[in-house]
Amino acid sequence: MNMLEIEKKWQKYWAENKINEYDENDTRKKFYCLEMFSYPSAAKLHVGHWYNYGPTDSYARYKKMKGFAVFQPMGFDAFGLPAENFAIKTGVHPQDSTVKNIETMEVQLQNIGAMFDWSKEIKTCMPDYYKWTQWLFLKLYENGLAYRKEAPVNWCSSCNTVLANEQVVDGKCERCGTEVFKKDLTQWFFKITEYSEELLQKLDELDWPEKTKHMQRNWIGKSTGAEVEFETESGDKFKVFTTRCDTLFGVSFVVLAPEHPLVKKLVTDDCKEKVFKYIEETAKASEIDRLSSTREKTGEFIGAYAINPINGKKVPIFAADYVLYSYGTGAVMGVAAHDERDYDFCLKYGLNVLQVINNKEGNATLPYCEDGYLQNSGEFDGLYGEDARNAIINKLKELGKGDFKVNYRLRDWLVSRQRYWGAPIPVIHCEHCGVVPVPYDQLPVELPYDVEFRPDGKSPLAKHEGFMHTTCPKCGKPALRDPDTLDTFVCSSWYYLRYPDAHNADAPFDPEIINKMLPVDKYVGGPEHACMHLLYARFITKALRDMGYLKFDEPFKSLTHQGIILGPDGNRMSKSRGNVISPDTYVSVSGSDVFRLYLMFGFNYTEGGPWNDDGIKSITKFLDRIEKLCENACATQPIKGEITTDEKELNFVLHSTIKSVDSDMDNFSFNTAIARLMELVNALKKYETLEKGNTETFYNAVTTLIKLLAPCAPHFSEELWERLGNKQSIFLSDYPVFDEKALVRDEVEYGVQINSKLRHKIVLSNSLTQKEIEEIVLKDSKVQELLQGKAPKKVIVILKRLVNIIA
RNA sequence: GCCGCUGUGACGAAAUUGGCAGACGUAGCAGACUCAAAAUCUGCCGUUGGUGACAACAUGCCGGUUCGAGUCCGGCCAGCGGCACCA
């Protein structure tokens, strides 16, 4: 069969007959199958895209044949840093390169032959899309979920520009090698923390991989404890967060994050020099380094002291970089005796260590970090763990010096980017009115084309006079636009809501349509999105729900991650390593069905692995054998014949294939589904050699085989389906159903173990009870011989499996 | 470092969720067809010992639970993903 020809033929047929489009009038149950959309950074579709879209399309086609009205859209996440970097390097405008890349990728995506509903395509860099990204921003702002505050960015003083984390290599600028430091800018944030608790709770209800849920739980990082207020000698107050309030009497010191504003205020003259230098050093360290528990703890005494509210003790205040200003209150109490980090810190700086917790025996070695009994803690002595914590917090509450507090590690989402290639932030800064949102009827705030995007100290948009200067919508006086753009994660946080109503010019979506089409029934994409994209999308859904637009709580009911296809050398594919595999080279030679089948058969879908094309021929061989079977099935009229053990055996294989392929497809276990189909082909080949007169059994088995194969090799199966004389697309036919009766075999082989070692095999009737099996097996002459006259102490019979005789 | 995952023949992998380890496929070996090659078809194929029936060993390493462990528990080792401005 000429695969390339038939692919064109059927792709054309599907498009003309709208087989792939979702029909709004379809009354069957909807199924929204979504793959993470493509980022058009490289000009070409890579194996990763193919691996995501090919097999998932097979899943969608399977669902369609199972009777669902399937909606499977596709689009492009088109804004982002790589296009801008490419522009800086080559001078090609990001819009031009992106539009061009999208065009190439569209063709490649069509070549997959997936049933994408192209009538609903979206591109996030087009004004008709980002108009609504901006709308989303304004809605969040209106509802108190967007706000501005100071936050540090990576700053390269030589390039005079903000760097992405990716552009910082070993603390230096990837372009010029200058040391990078943190600089504060006023930036926009989304208040995702408002939803911390719900984001955590609702995870339980989701059909997501457990590991992904686990990662989100850790990312949200709920911890229950207390906030305790310390007061300095100067009368300044600050709070620390602690989960171990029971150790409060043992505080040896307190630590403020170096960025904490009180550091600069409280530092004494004699410590100023050291402390300011330390703050400067901290600005160079990355967060991962700062939190590393093997890195030596550093810190500087700031010369001031704080009062422990529970016992009035004076303790020194340090600035230390292992405390992050963004987490909790940006201040912690140090209890040397009961925390490893604090213990090291105290030894290093020669501070007091006071043990306030002990084990039952009273001989705990320090640092002792588990729960225990209080000592040296006044009225609380003898209390244990949770009770001690509650008692102390209640006491603090009485004193007005503290309270119970739940803390989350989750931070608000910083969405400002000092870059060009993104959706402009739709606010205006007016000298008189302050921050003024752009009125809805003035959206979109269009991204100008003629900008200077090479880095020279200012955001590209800030240099564009025409863009920047506008009038204040409130007072009408001259004002400036926000020069920043939105994080591309904002674009991708709501795209699944746009798809079903992709061309709505009056609203981001029609709530009536959306509430019918969502949530997404199956979402498939890389595991690297476990925390960020998947959390942001959940947050946006909840925020829009609370604004009254949506009637569902979660965007993605069920989630699957595909594995990563590595280069043949076992490393991640990258241009610099020269190990990139291009799907096109395979698709243009063997055809897209062969390539798709190979991806589905060669890997465990959720694990992926190194690329190796040794076995790709086997797929061609497999399809050739099916084509041959199909020819033979067409050659003669199906005639009902005798049902002998041969037909029974073929039907057994056929129906167990239907059963396992059905459930394997549902579980994304594509490699085993195809293995089962290969077994069926082998069984059919074997049956053919018998030259039986029952062509009906054979014919039925072949047509069923083709239906089962159809989702995985759509063009090929469609072609054979037509050759079998069918006039309608195979994807409009019903999925095969297995017959329970055909699955019952008359006899089963039992493994016989003596003392748990396999020694013998016996074929027994399927209808026997455990008792009967035990009796027959014990009477067996071979078993008698193996037992050498020893009396069995115990016999374990597992039906349809094995018999274990303990002697 | 922290969080999460993975580890099974020469190779990609499978294993009804605690029940005959290695289905299916690659590669390899032997044979059939062919002048020959390719293609196709048939058989063998975890390691070691044995002509053989068979036996011993075997799921990264060490230990545990169990009649029985690739699967459960504890401790290591190695590799991979994420860590908030790559998307």
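Labels below follow one simple rule: chain letters A, B, ... track the order of the sequence lines, proteins then strands, and each chain is numbered from 1.
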Undergrad: Do Asn804(A) and C67(B) share a donor-acceptor pair, side chain to base, under 3.5 Å?
TA: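 Yes.
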Undergrad: May I ask you to say what Gly422(A) touches in the nucleic acid, namely base, sugar-phosphate or nothing, with a heavy-atom cut-off under 4.0 Å?
TA: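 No contact.
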Undergrad: Distance between the P atoms of C54(B) and G22(B), in whole angstroms?
TA: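 It works out to 16 Å between them.
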Undergrad: Does A32(B) have a Watson-Crick or wobble partner in any strand here, with both distances under 3.5 angstrom, and which is it?
TA: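 Base-paired to U40(B).
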Undergrad: Is there a donor on the side chain of Gln753(A) or the base of C67(B) sitting less than 3.5 Å from an acceptor on the other?
TA: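 No, the side chain and the base share no sub-3.5 Å donor-acceptor pair.
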Undergrad: Using the C1' atom on both, measure G9(B) against G25(B) and round to a whole Å.
TA: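 Here G9(B) and G25(B) have their C1' atoms 14 Å from each other.
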Undergrad: Answer with yes or no whether Lys761(A) presents, from its side chain, a donor or acceptor under 3.5 Å of a partner atom in the base of C20(B).
TA: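 A donor-acceptor contact between them is present.
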Undergrad: Where is the tightest heavy-atom contact between Ser416(A) and Ile425(A), given as atom of each residue plus distance?
TA: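 Reported closest heavy-atom pair: OG-CD1, 3.9 Å.
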Undergrad: Nearest to the side chain of Phe601(A), heavy atoms from C-beta on, is which of G12(B), A27(B), C20(B)?
TA: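 Of the options given, the side chain of Phe601(A) lies nearest G12(B).
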Undergrad: Which part of the nucleic acid, if any, lies within contact of Val168(A), taking any heavy atom under 4.0 Å across all strands shown: a base, the sugar-phosphate backbone alone, or nothing?
TA: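 Touches nothing.
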Undergrad: Using 30° and 60° as the class boundaries, would you call the ring planes of Phe556(A) and Tyr523(A) parallel, tilted or perpendicular?
TA: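 Plane angle under 30°, so parallel.
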Undergrad: Start at the 5' end of RNA chain B and walk down; is the nucleotide closest to Ala675(A) or to Ile796(A) reached first?
TA: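 Its nearest nucleotide lies further toward 5', so the answer is Ala675(A).
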Undergrad: When you look at OH of Tyr495(A), are more than 12 heavy atoms from neighbouring residues, nucleotides or ligands closer to it than 6.0 Å?
TA: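 Yes.
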Undergrad: What is the nucleic acid contact for Val162(A), judged by heavy atoms within less than 4.0 Å: base, sugar-phosphate only, or nothing?
TA: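 Contact class for Val162(A): base.
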Undergrad: Can you find a donor-acceptor N/O pair under 3.5 angstrom joining the side chain of Gln187(A) to the base of C85(B)?
TA: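 Yes, the side chain and the base share a sub-3.5 Å donor-acceptor pair.
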Undergrad: Please give the distance between the C1' atoms of U65(B) and G75(B) as a whole number of Å.
TA: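 Straight-line distance between the two C1' atoms is 15 Å.
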Undergrad: How long is the line joining CH2 of Trp219(A) and C1' of G81(B), in whole Å?
TA: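 In whole Å, G81(B) C1' and Trp219(A) CH2 are 13 Å from each other.
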Undergrad: Could you tell me the separation between the CG atom of Leu597(A) and the P atom of G25(B), rounded to a whole number of Å?
TA: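 So the CG-P distance, Leu597(A) to G25(B), works out to 14 Å.
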Undergrad: With nearest nucleotides of RNA chain B determined for Asn604(A) and Ile564(A) from heavy-atom distances, which residue corresponds to the more 5′ nucleotide?
TA: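 With Asn604(A) and Ile564(A) compared, the 5'-side residue is Asn604(A).
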Undergrad: Can you tell me, in whole Å, how much space there is between the P of A15(B) and that of U8(B)?
TA: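 Their P atoms lie roughly 15 Å apart.
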Undergrad: May I ask you to check whether Arg625(A) and Asn682(A) show a side-chain donor-acceptor distance below 3.5 Å?
TA: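 Yes, because at least one side-chain N or O of Arg625(A) sits under 3.5 Å from a partner of the opposite role on Asn682(A).
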Undergrad: Can you tell me how far C1' in G46(B) sits from the matching atom in C41(B), rounded to whole Å?
TA: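 It works out to 27 Å between them.
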Undergrad: Using atom C1' of each nucleotide, how far apart are C72(B) and A23(B) to the nearest Å?
TA: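 My reading of the C1' atoms in C72(B) and A23(B) gives 25 Å.
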Undergrad: What is the distance, to the nearest angstrom, from the CZ atom on Arg625(A) to the C1' atom on C41(B)?
TA: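 It works out to 9 Å between those atoms.
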Undergrad: Please determine, for the side chain of Met215(A), which listed nucleotide (G81(B), A13(B), U26(B)) has the closest atom?
TA: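 Looking only at side-chain atoms, Met215(A) lies closest to G81(B).
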Undergrad: May I ask which nucleotide in the shown strands pairs with G22(B), Watson-Crick or G-U wobble, both distances under 3.5 Å?
TA: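 Per the H-bond distance test, none.
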Undergrad: Report yes or no: do Arg411(A) and Thr193(A) form a side-chain donor-acceptor pair below 3.5 Å?
TA: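 Per modelled atom types, Arg411(A) and Thr193(A) side chains form no pair under 3.5 Å.
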Undergrad: Return the value, rounded to whole Å, for the distance between atom OH of Tyr536(A) and atom P of G82(B).
TA: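 Rounded to the whole Å, the gap is 15 Å.
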Undergrad: Counting any heavy atom closer than 4.0 Å, what does Leu566(A) reach on the DNA or RNA strands: base, sugar-phosphate only, or nothing?
TA: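 No contact.
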Undergrad: Strictly by Watson-Crick or wobble contacts shorter than 3.5 Å, is anything paired with G70(B), and which nucleotide is it?
TA: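 Across all strands, not a single nucleotide pairs with G70(B).
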Undergrad: Look through every strand shown and name the nucleotide pairing with A55(B) as Watson-Crick or G-U wobble, where both distances are under 3.5 Å.
TA: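 Pairing partner, where one exists within any strand: U48(B).
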Undergrad: Taking atom P of U26(B) as reference, at what distance in whole Å does atom CZ of Phe622(A) sit?
TA: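 Spelled out: CZ on Phe622(A) to P on U26(B) is 11 Å.
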Undergrad: Mind calculating the distance between CD1 (Ile798(A)) and P (G68(B)) to the nearest angstrom?
TA: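 Rounded to the whole Å, the gap is 13 Å.
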Undergrad: Locate the shortest heavy-atom distance separating Met665(A) from Ser58(A); write the atom from each residue and the value.
TA: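 Shortest heavy-atom contact: CE-O, 3.8 Å.
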Undergrad: Could you please name the option among G68(B), A84(B), G19(B) that lies closest to any side-chain atom of Leu802(A)?
TA: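 Selected nucleotide (nearest to the side chain): G19(B).
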Undergrad: Side chain of Lys621(A): nearest nucleotide among A13(B), G4(B), U26(B)?
TA: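 Nearest to the side chain of Lys621(A) among the choices is U26(B).
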Undergrad: Going by atom types only, do Asn604(A) and Thr606(A) share a side-chain donor-acceptor pair under 3.5 Å?
TA: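 Present: a donor and an acceptor within the cut-off.
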Undergrad: Describe the nucleic acid contact of Pro82(A) in one word from base, sugar-phosphate, nothing, applying a heavy-atom distance below 4.0 Å.
TA: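 Sugar-phosphate only.
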Undergrad: Hey, is the side chain of Arg572(A) pairing donor to acceptor with the base of C80(B) inside 3.5 Å?
TA: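 Such a pair does not exist between side chain and base.
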Undergrad: Looking only at side-chain atoms of Ile806(A), point me to the closest of C85(B), C20(B), C67(B).
TA: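 Per side-chain heavy atoms of Ile806(A), the pick is C67(B).
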Undergrad: Below the 4.0 Å mark, does A14(B) have OP1 or OP2 next to a side-chain nitrogen or oxygen of Asn671(A)?
TA: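 For Asn671(A), the contact criterion (side-chain N or O under 4.0 Å from OP1 or OP2 of A14(B)) is met.
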Undergrad: Across all strands shown, which nucleotide pairs with C5(B) by Watson-Crick or G-U wobble geometry, both distances under 3.5 Å?
TA: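 Check on C5(B): paired to G79(B), both distances under 3.5 Å.
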Undergrad: Looking for any heavy atom pair under 4.0 Å, which part of the strands does Gln167(A) touch: base, sugar-phosphate only, or nothing?
TA: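 No contact.
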Undergrad: Over all strands shown, is Lys757(A) touching base, sugar-phosphate only, or nothing at heavy-atom distances under 4.0 angstrom?
TA: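 Contact class for Lys757(A): sugar-phosphate only.
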Undergrad: From the set G82(B), C85(B), C86(B), return the single nucleotide nearest to any side-chain atom of Glu528(A).
TA: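 Comparing G82(B), C85(B), C86(B) against the side chain of Glu528(A), the answer is G82(B).
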Undergrad: Which part of the nucleic acid does Met532(A) contact within heavy-atom distance under 4.0 Å: base, sugar-phosphate only, or nothing?
TA: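 The residue Met532(A) makes base contact.
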Undergrad: Is the Phe539(A) ring parallel, tilted or perpendicular to the Phe190(A) ring (thresholds 30°, 60°)?
TA: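 Tilted: the ring planes of Phe539(A) and Phe190(A) meet at 30° to 60°.
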Undergrad: Rounded to the nearest angstrom, tell me the gap between atom NE2 in His529(A) and atom C1' in C5(B).
TA: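 His529(A) atom NE2 is separated from C5(B) atom C1' by 17 Å.
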Undergrad: Work out how far the P atom of C11(B) is from that of G7(B), and round it to whole angstrom.
TA: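 These two P atoms come out 15 Å apart once rounded.
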Undergrad: Using the ring centroid of each side chain, check whether Trp611(A) and Tyr586(A) are separated by less than 6.0 Å.
TA: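 Centroid separation for Trp611(A) and Tyr586(A): below 6.0 Å.
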Undergrad: Would you indicate which nucleotide in A55(B), C86(B), C20(B) comes nearest to any side-chain atom of Arg759(A)?
TA: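 My answer, after comparing the listed nucleotides, is A55(B).
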Undergrad: What integer number of Å spans the P atoms of C77(B) and U66(B)?
TA: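 The answer is 28 Å between these two P atoms.
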Undergrad: Which is true for Ser660(A) with a 4.0 Å heavy-atom rule: it touches a base, it touches only sugar-phosphate, or it touches nothing?
TA: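 No contact.
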Undergrad: Of the candidate nucleotides A27(B), U26(B), C85(B), which contains the atom at the shortest distance from the side chain of Ser618(A)?
TA: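 Nearest nucleotide to the side chain: U26(B).
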Undergrad: Nearest-Å distance, CG (Asn755(A)) to C1' (G19(B))?
TA: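 These atoms are roughly 16 Å apart.
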